[in-house]
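For reference, the structure is listed below as structure tokens.
Whatever order the structure lists them in is the order used to number ligands and atoms, beginning at 1.
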Amino acid sequence: MKEKKRKLTTTSGKPYVEHENTMTVGPRGPVLLQDYIYHEKMAHFNRERIPERVVHAKGTGAYGIFTVTHDITQYTRAKLFSKIDNSCRVFIRFSTVGGEKGSADSERDPRGFAVKFYTEEGNWDLVGNNTPVFFIKDPKKFDDFIHTQKRDPRTNLKSPTMMWDYWSLNPESLHQVMILMSDRGTPFSYRNMNGYGSHTFSMINKKNVRVWVKFHFKTLQGIKNFTGSEAEAMRGKDPDQAQRDLVEAIDKKEFPKWALKIQLMTDERAKNFQWNPFDLTKVWPHKDFPLIDVGVMELNEIPKNYFADVEQSAFAPAHIIDGISWSPDKMLQGRLLSYPDAHRYRLGANYEQIPVNKCPFAVNNYQRDGLMRVDGNGGSDPNYYPNSFDDIYQDESYKEPPMVLDSNTADWYDRNAPGDDDHYTQPGWLFDKVMTDHEKKNTINNIVTSMSGVTGPKREEIINRQLCHFFRANVNLGIAVAEGLGVKVDSSMLQSS
Ligand code: NDP
């Protein structure tokens, strides 16, 4: 029994005998500088935190398996989808967006839904949310938008004034605001919500033909949400409730599952689509672009160490595989830069060597050195290309078809110019034809509660401007919110509808 025990050592491996008492001159001190072990312990402790993510700081992760259930080979040549029953390991990280690492899970917020598929042809990251749309459609606006979801620079408090000021000045936010203010803004658990790739991506088949695609993960546990007051109560009762729910379910072997589905749009249909098919504030209606079954994802393993796998996990829409690619979606294009950039800042240039991020299959290139290079750094192999010594080559059979674009003129185009300025039809549909009466009532209550927090000299201006957006989406919605806020509806608001 004794032989099986492991000796206590310094991090350099020296066995040592005293873990709890510092070396002192006499029993009452002072402490000797030569008690190096004390320095080592404290110095490491002082460095335990890495920068928390600026967005999506509070998260929960799990491993699982994705299995192909339907044949989509006519649309994509991705090896993962080449046969029914093909499967691969996945890692998922769920998160809230605006709160800090210690914030409550049941805040009203979109939820991150980031999946890493470890495929034979590379890691594919589908870095989505629990909503099919987003607040903005141009990535240049992201930092401003996120500032409004964080803390007021003076009070250090969350500020409904900043939020509604921003949303009211950016009408393209309305669709996502409506979803956020519905009970889907406070999901009961990560298991009970859908995930959406949200962006328009593309698929490329064996004939090198590209088709536009959107990805949907539909929960097989059923949608379940908190009402506004239930979510508020849960924030006090158990701020880590969604983390606990996932760990406990998987520990009990109640493995949550999602069905992966896609919507497809040919380039020809894209040209005639009522909206810009690459606009992240719009969905593609199901009746025109029906969901096509693809596969099932099951989560079945909580990582053994939270920091190692969840905190250090790094997803990037830049990580695609052959047969799946990007689109002109401006927000997607922006994220191709910003995600890997954020990981290089948080984790270093070699973040893809960390086990949770590492591709378990072949990786060959000429990148060398950098902080925390721990994979042998290419040994004595050549570190330049082309060279006369190794056998690494670029395989042109993976080439994608060229992406044909609509224009050859560079400019700062107005994102909301005529033709791109319908911010109201889809949120109107959501309210009018999708929500039940009960959901409508809760959505209105949630909006009124949130907008009641708008304060200061611009209160009236902000509220009136936002009311006009609600009126334009749906008159009954506008009237109900105005009534809830005690605002007298004047004809200018109704005329804007
Ligand atoms: P459908 O009537 O065919 O389906 C409605 C969709 O809305 C379903 O996917 C449903 O998800 C989802 N949904 C229900 N309640 C909410 C909510 N409070 N917040 C967000 N999504 C919700 O829809 P259409 O395709 O004709 O589009 C109508 C509206 O539905 C859109 O304007 C959009 O707001 C919303 N929607 C559309 C999606 C799409 O990809 N077309 C995706 C999600 C929402 P579920 O089936 O899982 O319950």
Does a salt bridge link Arg191 with Asp245, judged by any charged N lying under 4.0 Å from a carboxylate O?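 Counted as a salt bridge, because a side-chain N and a carboxylate O are separated by less than 4.0 Å.
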
Are Lys137 and Glu172 ion-paired here, with the side-chain N under 4.0 Å from a carboxylate O? no

Distance-only, no hydrogens or angles: does the Asn357 side chain make a donor-acceptor pair with backbone N or O of Gln312 under 3.5 Å?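 Checked: pair present.
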
On the six-membered ring of Phe278, is Lys330 placed so that its NZ or CZ lies under 6.0 angstrom from the centre and within 45° of the ring axis? no

Verify the distance criterion only: is there a donor paired with an acceptor across the side chains of Gln176 and Thr131 at less than 3.5 Å? yes

Are Phe113 and Tyr196 an aromatic pair by the rule of ring centers under 6.0 Å? no

Contact residues of ligand 1 (heavy atom under 4.0 Å), by chain and number: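 Near ligand 1, by chain and number: Pro132, His175, Ile179, Ser182, Arg184, Asn194, Tyr196, His216, Lys218, Gln263, Val283, Trp284, Pro285, His286, Gln426, Trp429, Leu430, Lys433, Val434.
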
